[in-house]
Amino acid sequence: MTFSLTVRDRMMVAHSLPGELFGPAQRLHGATYVVDLTVRADELGTCDVVCDLGALAGELRAALAELEYRNLDDEPAFAGVLTTTEVLARTLADRLAGRLADGRLGDVGHVRELEVTLRESDVAWASYRHPLGEPS
């Protein structure tokens with residue numbers, strides 16, 4: 001049995017994707033992503049929840065704010081990196097996993113995985129799953 005909790009937000013960025021594979025996206029362009037953050041647990045924690053919904057939404061907002069309204073081509077963290085949707089999903093998942101590990105959401109030792117999904121449109125998206133270690 002697995003429980004999940006998902007929160008959703010959005011962010012706007014600019015970037016370019018050099019390389020013939022990316023066609024017109026080689027040029028600087030904007031992207032608006034709908035971002036889902038899902039956390040999964042095999043059991044419920046305090047107060048019979050996976051985690052605090054409001055706190056989870058706040059952490060997602062904070063992680064997105066670090067990238068939002070920026071030209072990712074100019075961000076030192078992405079120097080030499082293709083900022084594909086897949087790479088951005090992994091980057092956000094890694095950053096959010098760190099926020100959970102910092103104890104910002106309280107008792108989440110039972111949460112075993114988080115997944116970040118970036119939706120470019122209603123027909124195209126990418127996800128990245130980040131395991132969080134053994135449940136306590």
Side-chain angles (χ1 to χ4, degrees):
M1 177 176 3
T2 300
F3 295 95
S4 68
L5 177 66
T6 302
V7 294
R8 177 175 281 176
D9 206 330
R10 58 187 45 83
M11 74 170 174
M12 296 171 63
V13 298
H15 65 160
S16 60
L17 297 167
E20 190 175 320
L21 172 70
F22 298 105
Q26 293 178 74
R27 295 186 297 274
L28 183 64
H29 64 281
T32 301
Y33 293 104
V34 174
V35 183
D36 292 336
L37 167 59
T38 300
V39 291
R40 293 185 180 85
D42 294 328
E43 58 188 50
L44 297 177
T46 307
C47 298
D48 288 333
V49 297
V50 174
C51 70
D52 179 324
L53 177 68
L56 187 65
E59 291 303 325
L60 175 58
R61 170 79 331 248
L64 295 178
E66 295 171 356
L67 302 177
E68 194 165 39
Y69 297 115
R70 288 179 171 76
N71 179 349
L72 301 181
D73 297 348
D74 295 337
E75 290 296 308
F78 295 112
V81 175
L82 287 174
T83 53
T84 61
T85 304
E86 295 88 342
V87 166
L88 293 176
R90 181 184 63 209
T91 298
L92 285 166
D94 290 348
R95 290 179 181 188
L96 286 159
R99 290 173 176 274
L100 268 67
D102 286 351
R104 298 179 196 203
L105 294 178
D107 174 29
V108 292
H110 58 285
V111 175
R112 64 175 169 76
E113 177 183 83
L114 68 79
E115 180 176 9
V116 172
T117 301
L118 272 69
R119 297 176 188 277
E120 293 187 66
S121 71
D122 61 334
V123 297
W125 58 87
S127 296
Y128 184 80
R129 288 184 175 192
H130 191 296
L132 297 175
E134 298 298 321
S136 59

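These values consider heavy atoms only, across backbone and side chains, with no hydrogens, waters or symmetry-generated copies.
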Between [X] and [Y], is there a shared hydrophobic cluster once you connect ILVMFWY residues whose side-chain heavy atoms come closer than 4.5 Å?
{"X": "Leu88", "Y": "Val34", "result": "no"}
{"X": "Leu37", "Y": "Leu132", "result": "yes"}
{"X": "Trp125", "Y": "Leu60", "result": "no"}
{"X": "Leu44", "Y": "Leu114", "result": "yes"}
{"X": "Tyr128", "Y": "Val7", "result": "no"}

Ignoring hydrogens and geometry, is there a side-chain-to-backbone donor-acceptor pair from [X] to [Y] under 3.5 Å?
{"X": "His29", "Y": "His15", "result": "yes"}
{"X": "Gln26", "Y": "Gly23", "result": "yes"}
{"X": "Arg61", "Y": "Arg10", "result": "yes"}
{"X": "Arg27", "Y": "Ala25", "result": "no"}
{"X": "Arg119", "Y": "Asp36", "result": "no"}

- Note on the structure: Minimal heavy-atom distance between Leu96 and Ala63, with the atoms involved, is CD2-CB, 3.8 Å
- How close do Ser127 and Ala89 get, heavy atom to heavy atom, and via which atoms? C-CB, 4.2 Å
- How far apart are the C-alpha atoms of Thr85 and Tyr33, what are their side-chain angles, what is the distance that settles it, and do they pass the side chain to side chain contact (heavy atoms under 4.5 Å, CB included) test? CA-CA 9 Å; Thr85 304; Tyr33 293 104; 3.4 Å; yes
- Task: Give the C-alpha distance, both sets of side-chain angles, the deciding distance and a yes or no for side chain to side chain contact (heavy atoms under 4.5 Å, CB included) between His130 and Asp94.
- Result: CA-CA 7 Å; His130 191 296; Asp94 290 348; 3.0 Å; yes
- Task: Compute whether any side-chain donor of one residue and acceptor of the other, for Arg129 and Thr38, lie under 3.5 angstrom apart.
- Result: no
- Message: Please tell me whether Asp73 and Ser16 have a donor and an acceptor in their side chains that are separated by less than 3.5 angstrom.
- Response: yes
Gap separating the [atom1] atom of [X] from the [atom2] atom of [Y], nearest 0.5 angstrom:
{"X": "Arg8", "Y": "Thr117", "atom1": "CZ", "atom2": "OG1", "answer": "9.0 Å"}
{"X": "Leu92", "Y": "Glu115", "atom1": "CG", "atom2": "CD", "answer": "13.0 Å"}
{"X": "Phe78", "Y": "Arg70", "atom1": "CZ", "atom2": "CZ", "answer": "10.5 Å"}
{"X": "Glu59", "Y": "Leu100", "atom1": "CD", "atom2": "CG", "answer": "7.5 Å"}
{"X": "Glu113", "Y": "Arg40", "atom1": "CD", "atom2": "CZ", "answer": "5.0 Å"}

- Item | Val39 vs Cys51 side-chain heavy atoms within contact, under 4.5 Å | yes
- Any Leu17 side-chain heavy atom under 4.5 Å of Thr83 side chain: yes
- Task: Given side chain to side chain contact (heavy atoms under 4.5 Å, CB included), test Val49 with Leu5 step by step and report yes or no.
- Result: CA-CA 9 Å; Val49 297; Leu5 177 66; over 6 Å; no
- Query: Hey, are Arg99 and Glu66 close enough for a salt bridge, meaning a charged N less than 4.0 Å from a carboxylate O?
  - Reply: yes
